[in-house]
Amino acid sequence: MANFYTDNESLKHYLNHPQMEKIVALKERNFADAETYDYAPQDYADAQDSYDKVLEIVGEICGDVIAPNAEDVDHTGPRVENNRVIYAEGTKKNLDACRKAGLMGMAMPRRLGGLNFPITPYIMAADIVSRADAGFENLWGLQDCAETIYEFADEDQKQRYIPRVCAGETMSMDLTEPDAGSDLQSVMLKASQKEDGSWVLNGVKRFITNGDADIHLVLARSEEGTKDGRGLSMFIYDKRNGGVNVRRIENKMGIKGSPTCELTYKDAPAELVGSRKLGLIKYVMALMNGARLGIAAQSVGLSEAAFREALVYAQERKQFGKEIINFPAVAEMLSVMKAKLDASRALLYACTRFVDMYKVYDDIAKERKLELEEKKEAKEYSRLADAFTPLAKGMTSEFANQNAYDCIQIHGGSGFMKDYACERIYRDARITSIYEGTTQLQVVAAIRHVSTGTYTNWINKALEAECKPEDQDVKATLQLMAQQFNDAVQAVMGVESTEYHDFMARRLVEMAGYTVMGLLLLEDTTRNDAFRRSMNVFVKMGQAEVAKHADFIANFRPEQIEEYKF
């Protein structure tokens, strides 16, 4: 009996992070639900026990059901019949197991049928599911769309739709179109209001994950004559009402169990969510941040899968009379893979804690007026979540691709064959740095927090923390990296050229990323010696990367940008 939660001690380390006690107390409103629901926790220890037990169920289903189905799902995939998606048999079994275990709507309030989990343990479940099958995580993880309904829909819509998600119905977010990929301001799917006040949708959507879902969140143009984001609104479409057909499923490189659909809308009945004109400006931005956090979890799960496949193969495969793990070249690759994995997970869960804090304050603000200190804290965590989300999505997805690449390299020729899981992991990982905003777009989102000092302020505060005596050299290296980062920021921002700033943005964001992740691993090592090896390896690697970027910036003249143009 495999269990993808209990076999990974890192997960419990982050579940028991000191900040979780405050998050849980706020989320549970000091455990007031215990008076109404017999399954609600009575205190922090009870809540942690509940998270632990549910994650153990997730781990068991992933180890015994989802992972064993992954290869068959990848080979067969979904299909379209009569304009409807038919899932692969393994996908149906996966969904059935998750529904029976009550693993849908995990983060939703109990009054709406959910488990009222904070974001952190929910994302932990996504991490575990992704290790088992990244394609299936796309279906299971879209339950996160219910968060958007909870945040912005009216009470009647919450009552009608969220319990359905918690009961196991699937969701999708229908954003992109043939002529509007990352540029969502160009969305042209038309929303028309009828005389009775109801809405209908007409047009085409493309690259829609789980496009034949039960409940859709749809970005559509509601304002006649507009061409930018100010003319877009958000709508709920219920599959029961008809009007949307699946034209085709894309034939993808990876995540093949997840149907990526082209949809046609023909007078499809829909409901407006929130206010008109705020679809992209407010609601999709919140939706995308949640989705990007989910992709970071998917990336970490894939990194975990890649590392474990590589480690087992290296321990078993013999060449020249000894296991290949004993060759320095292979051992180094494995140690770097593990360091990237641990650094990715550290960044992911730092980000989820920031998201947890600001979201719970936003939710409390709907019930009562926040105290001045609470408002300040909510604002600070909102800023940190805004800064760390693109950093997490960008860095973890790039590391997932690198780990998947190295996993195949360690397998050698065998890794190129479909007999080994690493070939599927490699294909699945490739999309993580593309969808929900490419790595390049994550840089665009993150660079603002370089120039405004969000990362610098966090780094300086982290450097004030105590560490163990044996890790003082590592801390000194991180202080040097922080100084090189700050010097590079000053050098770049001192040049009055937006083009130059844009050109150097990736380097600055990566410098911030390596420094932040190194500091997070130092914090983890202070709490748990098990992270020391990864910390040492990652900080050495990060030191080299930061120095490389610092040298490039110091020796680059702005006019040399012309050499990089075509």
Within a strict 4.5 Å, meaning less than it, do heavy atoms of the [X] and [Y] side chains meet?
X: Y122; Y: Q143; result: yes
X: R533; Y: K338; result: no
X: V509; Y: L391; result: yes
X: P259; Y: L139; result: yes
X: W140; Y: N94; result: no
X: Y435; Y: N138; result: yes
X: E523; Y: H17; result: yes
X: D342; Y: F538; result: no

First locate atom [atom1] of [X], then atom [atom2] of [Y], and finally report the distance between them rounded to the nearest 0.5 Å.
X: L302; Y: Y426; atom1: CG; atom2: OH; result: 13.5 Å
X: S534; Y: M337; atom1: OG; atom2: CE; result: 12.0 Å
X: S299; Y: K393; atom1: OG; atom2: NZ; result: 7.0 Å
X: T396; Y: L341; atom1: OG1; atom2: CG; result: 11.0 Å
X: T120; Y: D356; atom1: OG1; atom2: CG; result: 4.0 Å
X: M481; Y: L463; atom1: CE; atom2: CG; result: 10.0 Å

| message | Between Y313 and Y420, is the ring centroid distance below 6.0 Å? | response |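 Yes: the rings meet the under 6.0 Å criterion.
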
| query | Ring centres of Y514 and H549 under 6.0 Å apart? | reply | no

Crowded around [X] [atom1]? As in, over 12 foreign heavy atoms under 6.0 Å?
X: M253; atom1: CE; result: no
X: Q315; atom1: CD; result: yes
X: E470; atom1: CD; result: yes
X: K379; atom1: NZ; result: no
X: R527; atom1: CZ; result: yes
X: F327; atom1: CZ; result: yes
X: Y405; atom1: OH; result: no

| Residues K359, D363; criterion salt bridge (Lys or Arg N to Asp or Glu O under 4.0 Å); working and verdict | CA-CA 6 Å; K359 277 188 177 290; D363 203 29; over 6 Å; no

With no hydrogens and no angle check, is any side-chain donor or acceptor of [X] less than 3.5 Å from a backbone partner on [Y]?
X: N3; Y: E56; answer: yes
X: K340; Y: S303; answer: no
X: D74; Y: G257; answer: no
X: S172; Y: T209; answer: no
X: D419; Y: S414; answer: no
X: Q48; Y: L15; answer: yes

Are [X] and [Y] close enough for a salt bridge, meaning some N to O gap below 4.0 Å?
X: D72; Y: K93; result: no
X: R532; Y: D471; result: yes
X: K92; Y: E89; result: yes
X: K548; Y: E545; result: yes
X: D524; Y: R345; result: no
X: R110; Y: E28; result: yes
X: K53; Y: D49; result: yes
X: K418; Y: E423; result: yes

| said: For a side chain to side chain contact (heavy atoms under 4.5 Å, CB included) check, start with the C-alpha distance between V54 and M106, then their side-chain angles and the critical distance, and finish with the verdict. | reply: CA-CA 10 Å; V54 170; M106 291 174 68; 4.0 Å; yes

Distance-only polar pair, side chains of [X] and [Y], donor-acceptor under 3.5 Å:
X: Q543; Y: T477; value: no
X: Y358; Y: D386; value: no
X: S397; Y: T432; value: no
X: R448; Y: S451; value: no
X: Q298; Y: D428; value: no
X: D127; Y: Y14; value: no

Which atom of [X] lies closest to which atom of [Y], heavy atoms considered:
X: A339; Y: L521; value: O-CD1, 4.5 Å
X: V85; Y: C261; value: CG2-SG, 3.9 Å
X: L293; Y: T389; value: N-CG2, 4.5 Å
X: V24; Y: A47; value: CG1-CB, 3.6 Å
X: A306; Y: C407; value: O-SG, 3.3 Å
X: I128; Y: G59; value: CG2-CA, 4.0 Å

| query | Stepwise, does the side chain to side chain contact (heavy atoms under 4.5 Å, CB included) test hold for D529 with K468? | reply | CA-CA 10 Å; D529 281 339; K468 294 179 178 179; 2.6 Å; yes

| said: L103 vs I61, test: side chain to side chain contact (heavy atoms under 4.5 Å, CB included). Steps then yes/no. | reply: CA-CA 10 Å; L103 301 179; I61 290 172; 3.8 Å; yes

| In terms of ring plane angle, is the pair F388 and Y455 parallel, tilted or perpendicular, where the classes change at 30° and 60°? | tilted

| Picking from Y44, F117, Y5, what satisfies ring-ring contact (aromatic ring centres under 6.0 Å, His included) with Y51? | F117

| said: Going by the rule side-chain hydrogen bond (donor to acceptor under 3.5 Å, both in side chains), which residues pair with E380 if we only count those two or more places apart in sequence or in a different chain? | reply: R383

| task | Take F416 and I408 through the side chain to side chain contact (heavy atoms under 4.5 Å, CB included) test and state the conclusion after the steps. | result | CA-CA 7 Å; F416 201 67; I408 284 186; 5.5 Å; no

